**Q** 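Mind looking over this structure? Questions follow.
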Amino acid sequence: MHPLLRLLLISIAFTLGSAMTASVSAAPAAYFDSSGRDDVLSGGVKMITVQTPKGAFRVWTKRVGNNPAIKVLLLHGGPGATHEYFEAFDSFFPNAGIEYYYYDQLGSAYSDQPDQPALWDLPRFVEEVEQVRKALKLDKTNFYLYGQSWGGILALEYALKYQQNLKALVISNMVASIPAYNRYASSVLMPAMDQKALAEIKQLEAKGQYDDPRYEELLMRHFYVDHILRMPQDQWPDPVLRAFAKINKKIYVPMQGPSEMGASGKLVDWDRTADLPKITVPTLSIGARYDTMEPAQMEKIAKSVKKGRYLYCPKGSHLAIYDDQQTYMAGLTRFILDVDAGRF
């Protein structure tokens with residue numbers, strides 16, 4: 001090879017290499033630059049004071065990353081669970097440049113846990129989310145609201161009242177009707193279970209023995225590993241185990257009910273199916289084949305809103321975020337970035 005040609009190729013390679021290095025490092029540098037943020041001292045953690053009919057309390061939030069155009073507020077399930085099982089997002093969102101916020105709802109984990117039964121009410125939780133939004137300075141130019149399970153109910157209710165503040169909405173592993181959820185449980189899920197185990201579960205429920213270790217053992221072996229998280233119990237990820245261990249039953253039982261075979265609490269008649277067409281912001285509904293929720297009902301959300309998309313996880317269950325993770329994360333990230341780029 002001619003010496004001049006060799007020098008030219010080396011120069012080109014060096015220039016391209018430097019440009020690629022700059023393009024790869026520029027995004028992370030900006031993403032992790034917390035200059036000017038008021039939560040630098042605490043690593044992104046911010047305790048937010050919310051006003052309630054029973055006084056002022058504080059809720060815990062934690063920001064990860066920086067992106068002025070994409071800010072995702074995560075609403076966990078339960079009610080009364082914790083943000084911890086969302087830690088799987090740490091493996092995916094930063095690489096996509098997505099800014100996101102962990103958030104323990106009032107009564108959960110790191111937030112205040114007042115012994116005030118009157119506060120465990122869906123409309124009050126909606127107002128709490130609105131106060132958190134304002135405190136975090138999220139608005140229609142950047143605010144993506146994500147809700148999983150109970151968080152999906154909360155996100156849907158928030159959107160129906162405050163969608164003017166939203167850029168996009170994500171409803172994950174939740175249907176728009178608790179009666180529909182209960183019908184699916186009784187007509188599809190329970191008939192498919194081991195009937196001897198189901199009979200024993202129902203006997204324990206009839207006696208009110210929901211805290212009996214045998215009740216939890218039966219549910220884990222014959223229900224949870226099939227429809228909540230399709231992994232052997234000894235392989236369940238640590239974030240899931242921590243979140244399950246901290247569920248506040250003083251919230252969960254009054255709202256969801258004590259049984260895991262359907263809902264019977266305050267939410268038993270909740271149904272927003274007829275109101276779905278009122279939602280006009282871009283909306284992603286995520287469903288999974290083995291979920292406790294009927295996949296067709298979750299797809300119905302995407303078809304009923306004005307601008308909807310459905311993400312189906314063929315290997316997933318209620319926690320498809322783990323048992324069909326690649327499908328889940330790829331589809332969710334694509335939706336967020338499509339909305340941001342005006343492709344949706």
Side-chain angles (χ1 to χ4, degrees), residues 76-82 85 105 107-108 113 115-122 125 148-154 173-234 236 240-273 288-298 317-319 323:
H76 62 69
T82 85
Y85 71 96
Q105 298 151 31
S108 297
Q113 300 191 22
D115 189 9
Q116 296 285 350
L119 296 180
W120 317 135
D121 176 75
L122 182 51
F125 273 111
Q148 195 273 341
S149 192
W150 143 256
I153 292 178
L154 184 52
N173 307 97
M174 190 64 225
V175 296
S177 167
I178 292 297
Y181 159 55
N182 282 340
R183 286 194 297 271
Y184 185 67
S186 62
S187 65
V188 177
L189 298 183
M190 284 189 271
M193 291 175 63
D194 179 298
Q195 294 303 291
K196 183 177 179 181
L198 178 61
E200 188 174 352
I201 288 171
K202 289 188 172 182
Q203 287 174 1
L204 290 167
E205 290 187 343
K207 297 176 183 178
Q209 296 177 334
Y210 297 101
D211 295 324
D212 190 317
R214 177 62 176 167
Y215 183 68
E216 288 297 323
E217 177 190 348
L218 288 166
L219 285 172
M220 181 60 73
R221 288 176 54 198
H222 300 283
F223 192 71
Y224 289 168
V225 296
D226 291 325
H227 301 293
I228 301 297
L229 177 52
R230 292 176 66 79
M231 295 179 183
Q233 182 182 1
D234 61 358
W236 278 28
V240 175
L241 297 177
R242 281 185 281 119
F244 267 56
K246 294 177 185 173
I247 291 178
N248 187 342
K249 291 187 177 181
K250 290 184 177 181
I251 302 175
Y252 185 85
V253 173
M255 296 192 71
Q256 146 74 25
S259 173
E260 292 304 311
M261 310 309 297
S264 59
K266 292 181 179 180
L267 296 171
V268 67
D269 295 320
W270 181 82
D271 190 334
R272 284 295 203 167
T273 307
R289 179 181 178 184
Y290 301 102
D291 204 330
T292 52
M293 310 288 167
E294 184 179 6
Q297 289 290 327
M298 291 181 279
S317 64
H318 198 56
L319 290 177
D323 54 23

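Computation of the quantities below employed the complete heavy-atom set of this structure, encompassing side-chain atoms and omitting hydrogens, waters and symmetry-equivalent molecules. Since this is a predicted model, take the numbers as computed values, not measurements.
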**Q** Applying ring-ring contact (aromatic ring centres under 6.0 Å, His included), which residue pairs with at least one partner in residues 175-214 are found, sequence neighbours left out?
**A** Y210-Y215

**Q** Measuring from M293:CE to N173:CG, what's the distance to the nearest 0.5 Å?
**A** 8.0 Å

**Q** Could you name each residue pair satisfying side-chain hydrogen bond (donor to acceptor under 3.5 Å, both in side chains) that touches residues 247-259, not counting sequence neighbours?
**A**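 For residues 247-259: E205-S259, D211-K249, Y252-E260.
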
**Q** Determine yes or no for a side-chain-to-main-chain donor-acceptor pair under 3.5 angstrom, with Q203 supplying the side chain and L198 the backbone.
**A**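 Answer holds: no.
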
**Q** Can you tell me how far apart CG (L154) and CE (M174) are? Round to the nearest 0.5 Å.
**A** 11.5 Å

**Q** Who pairs with K202 by side chain to side chain donor-acceptor pair (under 3.5 Å), at least two apart in sequence or on another chain?
**A**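 Listed in chain order: nothing, the list is empty.
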
**Q** For the side chain of T82 and the backbone of A243, is there at least one donor-acceptor N/O pair under 3.5 Å apart?
**A** no

**Q** Please name the pair of heavy atoms, one in A288 and one in P295, separated by the smallest distance, quoted to 0.1 Å.
**A** O-CG, 3.3 Å

**Q** How would you list, by chain and number, every residue that makes a ring pair (Phe, Tyr, Trp, His ring centres under 6.0 Å) with W236, sequence neighbours excluded?
**A** F244

**Q** Are more than 12 heavy atoms, taken from residues, nucleotides or ligands other than Q233, located less than 6.0 Å from that residue's CD atom?
**A**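 Counting neighbours around CD of Q233, 12 or fewer heavy atoms of other residues, nucleotides or ligands fall under 6.0 Å, so no.
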
**Q** Decide yes or no for V188 and E294: does some side-chain heavy atom of the first lie under 4.5 Å from some side-chain heavy atom of the second?
**A**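 No, too far: nothing below the 4.5 Å cut-off.
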
**Q** Under the rule for ring pair (Phe, Tyr, Trp, His ring centres under 6.0 Å), what residues qualify as partners of Y224, not counting sequence neighbours?
**A**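 For Y224, no residue satisfies ring pair (Phe, Tyr, Trp, His ring centres under 6.0 Å) once neighbours in sequence are set aside.
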
**Q** Nearest 0.5 Å, please: how far is CG in L219 from CE in M193?
**A**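 Answer for the CE-CG pair, M193 versus L219, is 7.0 Å.
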
**Q** Considering residues at least two apart in sequence or located in another chain, which fulfil the ring pair (Phe, Tyr, Trp, His ring centres under 6.0 Å) criterion with H227?
**A** F223

**Q** Ignoring hydrogens, what is the shortest heavy-atom contact between G77 and S149? Give both atom names and the distance.
**A**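 Of all heavy-atom pairs spanning G77 and S149, the closest is CA-CB, 4.2 Å.
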
**Q** Does the Q148 side chain pair with the main chain of L319, one donor and one acceptor, at a distance under 3.5 Å?
**A** no

**Q** Rounded to the nearest 0.5 Å, how far does CG of D291 lie from CG of D226?
**A** 12.5 Å

**Q** Between S177 (side chain) and D271 (backbone), is there a donor-acceptor pair under 3.5 Å?
**A**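 No, the answer is negative, given that no donor and acceptor are paired below the 3.5 Å cut-off.
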
**Q** Heavy atoms only: give me the nearest W270-V175 pair and the separation to one decimal.
**A**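 In terms of heavy atoms, the two residues are closest at CZ3-O, 3.5 Å.
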
**Q** Between K266 and L122, is there a side-chain heavy-atom distance shorter than 4.5 Å?
**A**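 No, too far: nothing below the 4.5 Å cut-off.
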
**Q** Hey, could you give me the CD/CD1 distance between E216 and I201, rounded to the nearest 0.5 Å?
**A**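 If we round to the nearest 0.5 Å, E216:CD and I201:CD1 are 10.0 Å apart.
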
**Q** Give me the atom names and distance for the closest heavy-atom approach of S186 to P191.
**A**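 Closest heavy-atom pair between S186 and P191: O-CD, 3.3 Å.
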
**Q** If I take atom CZ from residue R289 and atom CG from residue D323, how far apart are they, to the nearest 0.5 angstrom?
**A**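 Between atom CZ of R289 and atom CG of D323 there are 12.5 Å.
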
**Q** Could you check whether any side-chain heavy atom of L189 comes within less than 4.5 Å of a side-chain heavy atom of M261, counting everything from C-beta outward?
**A**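 Of all side-chain heavy-atom pairs linking M261 with L189, none is under 4.5 Å.
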
**Q** Is a side-chain N or O of Q105 found less than 3.5 angstrom from the main chain of H76, in a donor-acceptor match?
**A**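 Indeed, once roles are kept as given, a pair shorter than 3.5 Å links the two residues.
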
**Q** Taking the side chain as C-beta and beyond, is there a heavy-atom pair between I178 and D269 under 4.5 Å?
**A**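 Not in contact.
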
**Q** Mind listing the closest non-hydrogen atom pair of I251 and F125 along with its distance?
**A** CG2-CZ, 4.4 Å

**Q** Check whether any side-chain N or O of N182 sits under 3.5 Å from a backbone N or O of A263 as a donor-acceptor pair, and report yes or no.
**A**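 Present.
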
